[in-house]
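Computed from a prediction, not measured in an experiment: that's the story for all the values here. By convention in this document, chain letters (A, B, ...) are assigned in the order of the sequence lines, proteins followed by strands, and residues within each chain are numbered from 1.
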2 protein chains.
Amino acid sequence: MGQDLTTARENFIQGISRITTFWGFPKAMGAIFGAIYLSPAPLSLDEIVQQVGVTKGAVSTNIRNLERLGVVHKIIKMGDRKDYYNAETDFWKIIKGILREREKNEFDRAIKSVGESLDIVRSSDPDPAEKDLTLFYEERLKSLKQFFDSLDKLVATIIAIDDLRSGVLGKFGK
Amino acid sequence: MGQDLTTARENFIQGISRITTFWGFPKAMGAIFGAIYLSPAPLSLDEIVQQVGVTKGAVSTNIRNLERLGVVHKIIKMGDRKDYYNAETDFWKIIKGILREREKNEFDRAIKSVGESLDIVRSSDPDPAEKDLTLFYEERLKSLKQFFDSLDKLVATIIAIDDLRSGVLGKFGK
DNA sequence: TAGAACGTTTAGTTCGAACTAAACAAAGTA
DNA sequence: TACTTTGTTTAGTTCGAACTAAACGTTCTA
């Protein structure tokens, strides 16, 4: 490959890796996506291994996560046992997938946790000496819960908007 | 403290810690914020040490970051050498602060990195054999750059909206 | 000036996420 | 059936972020 393209490619992959690590994903995940994103043809697992320079095992686990998040897509060719991957190019869709995933897992649990704390306080029979403190707890927890609920709705809205865009609008050609 | 309040408190702090680690911040950072958030009175550094159960050094560094992000506020009492901290209760403001901070640092660099790659490709004098590949690179990089720019604007908009809300609207009482 | 009361900084340690190497499973081919 | 080619899983390792312990600097007080 030409020197300029190689430089651009390496610089790009480094940049993507920065982003992924920054948002709490493995560095290799970004590098793998970068390689696939800048490939005109779908890449096989071994090609990715060769291009990115990590072992097969690492590529295997990382690419499974990438696919789960909808960031890359597996392509199966008839009469070829290899799996190929290409990149999702609709980045809003990618964000949607990641939000949905995080929503489902950790974020949800956090919301639930605050709700539980609030329930405990509400259903407690407070010592008169701690009445003020109990009310304070209730107020603070309620306030945070409201915020989380708003955030939850915001995320749901974003997802819904994108669903609308890619669903209904897509039929008429974006 | 009553058993119920203690349970609620511990459950809450655990939940907040989950959130912070999930979003790439230290666990102790969440615990410290949780303790301050559920305290009616501002807490001193030593009180935090005692309540959260980490060393003074850790609290010192973590709380500095919390303050830099606008998540807690330092309170100085006259005639008292201790620093006290209370919690910011406007969570949208907190998000704004974090976005602004991240914007300033890593995210910016990532955007720049993609821009640089694009510049390299655009200013390259491509080998005729690689003309197609060069065009492909240019298209993909341009597409990603557009997305980043949109995201950048979105964040700026969110920040602007909150500035408006807390600035102009605040004068009339929210 | 000595000592106490703070918060900060630093050297060293811990701990877990992400990697490698290699065994493994599955599925095709000779 | 044995061998090859593929992707997955697992045991072990690495490495860096975040912690502890302790020294340190500063400021107030006696």
Using a 3.5 Å cut-off and no angle test, enumerate the donor-acceptor pairs between side-chain atoms of residues 72-82 of chain A and protein atoms at least two apart in sequence or in another chain.
{"from": "A:His73", "atom 1": "NE2", "to": "A:Glu88", "atom 2": "OE1", "distance (Å)": "2.7"}
{"from": "A:Asp80", "atom 1": "OD1", "to": "A:Lys82", "atom 2": "N", "distance (Å)": "2.9"}
{"from": "A:Asp80", "atom 1": "OD2", "to": "A:Tyr84", "atom 2": "OH", "distance (Å)": "2.9"}

Using atom types as modelled, flag every donor-acceptor pair under 3.5 Å from a side chain in residues 35-49 of chain B to any protein atom, sequence neighbours excluded.
{"from": "B:Tyr37", "atom 1": "OH", "to": "A:Arg140", "atom 2": "O", "distance (Å)": "2.7"}
{"from": "B:Ser39", "atom 1": "OG", "to": "B:Ala41", "atom 2": "N", "distance (Å)": "3.4"}
{"from": "B:Ser39", "atom 1": "OG", "to": "B:Ala41", "atom 2": "O", "distance (Å)": "2.4"}
{"from": "B:Ser44", "atom 1": "OG", "to": "B:Glu47", "atom 2": "N", "distance (Å)": "3.2"}
{"from": "B:Ser44", "atom 1": "OG", "to": "B:Glu47", "atom 2": "OE1", "distance (Å)": "3.4"}
{"from": "B:Glu47", "atom 1": "OE1", "to": "B:Ser44", "atom 2": "N", "distance (Å)": "2.7"}

When you compare the protein's N or O atoms with those of nucleotides 5-9 of chain D, which come within less than 3.5 Å of each other, and at what distance?
{"from": "D:dT5", "atom 1": "O2", "to": "A:Arg81", "atom 2": "NH1", "distance (Å)": "3.0"}
{"from": "D:dT5", "atom 1": "O2", "to": "A:Arg81", "atom 2": "NH2", "distance (Å)": "2.2"}
{"from": "D:dT6", "atom 1": "OP1", "to": "A:Lys82", "atom 2": "NZ", "distance (Å)": "3.3"}
{"from": "D:dG7", "atom 1": "OP1", "to": "A:Asp83", "atom 2": "N", "distance (Å)": "2.9"}
{"from": "D:dG7", "atom 1": "N7", "to": "A:Lys56", "atom 2": "NZ", "distance (Å)": "2.9"}
{"from": "D:dT8", "atom 1": "OP2", "to": "A:Ser60", "atom 2": "OG", "distance (Å)": "2.6"}
{"from": "D:dT9", "atom 1": "OP2", "to": "A:Arg64", "atom 2": "NH2", "distance (Å)": "3.3"}

(request) Go through DNA chain C in 5' to 3' direction and return only the first and the last nucleotide with some atom under 4.0 Å of chain A's heavy atoms. (result) C:dA18 to C:dG28
(request) Please name all residues satisfying side chain to side chain donor-acceptor pair (under 3.5 Å) with B:Asn11, sequence neighbours left out, ordered by chain then number. (result) A:Ser117
(message) When you measure from the side chain of B:Ser150 to the backbone of B:Gln146, do you find a donor-acceptor pair of N or O atoms at a distance under 3.5 Å?
(response) yes
(message) Between B:Asp149 and B:Lys153, is the salt bridge (Lys or Arg N to Asp or Glu O under 4.0 Å) condition met? List the steps.
(response) CA-CA 6 Å; B:Asp149 288 341; B:Lys153 275 176 198 152; over 6 Å; no
(request) Decide side-chain contact (heavy atoms from CB on, under 4.5 Å) for A:Phe12 and B:Leu144; before the verdict, give the C-alpha distance in whole Å, the side-chain angles of both, and the deciding distance to 0.1 Å. (result) CA-CA 11 Å; A:Phe12 173 75; B:Leu144 184 55; 3.3 Å; yes
Identify each donor-acceptor pair in which a side-chain atom of residues 126-139 of chain A lies under 3.5 Å from a protein atom, sequence neighbours left out, and give them as a table.
{"from": "A:Asp127", "atom 1": "OD1", "to": "A:Ala129", "atom 2": "N", "distance (Å)": "2.9"}
{"from": "A:Glu130", "atom 1": "OE1", "to": "B:Gly2", "atom 2": "N", "distance (Å)": "3.1"}
{"from": "A:Glu130", "atom 1": "OE2", "to": "B:Gly2", "atom 2": "N", "distance (Å)": "3.1"}
{"from": "A:Thr134", "atom 1": "OG1", "to": "A:Glu130", "atom 2": "O", "distance (Å)": "2.8"}

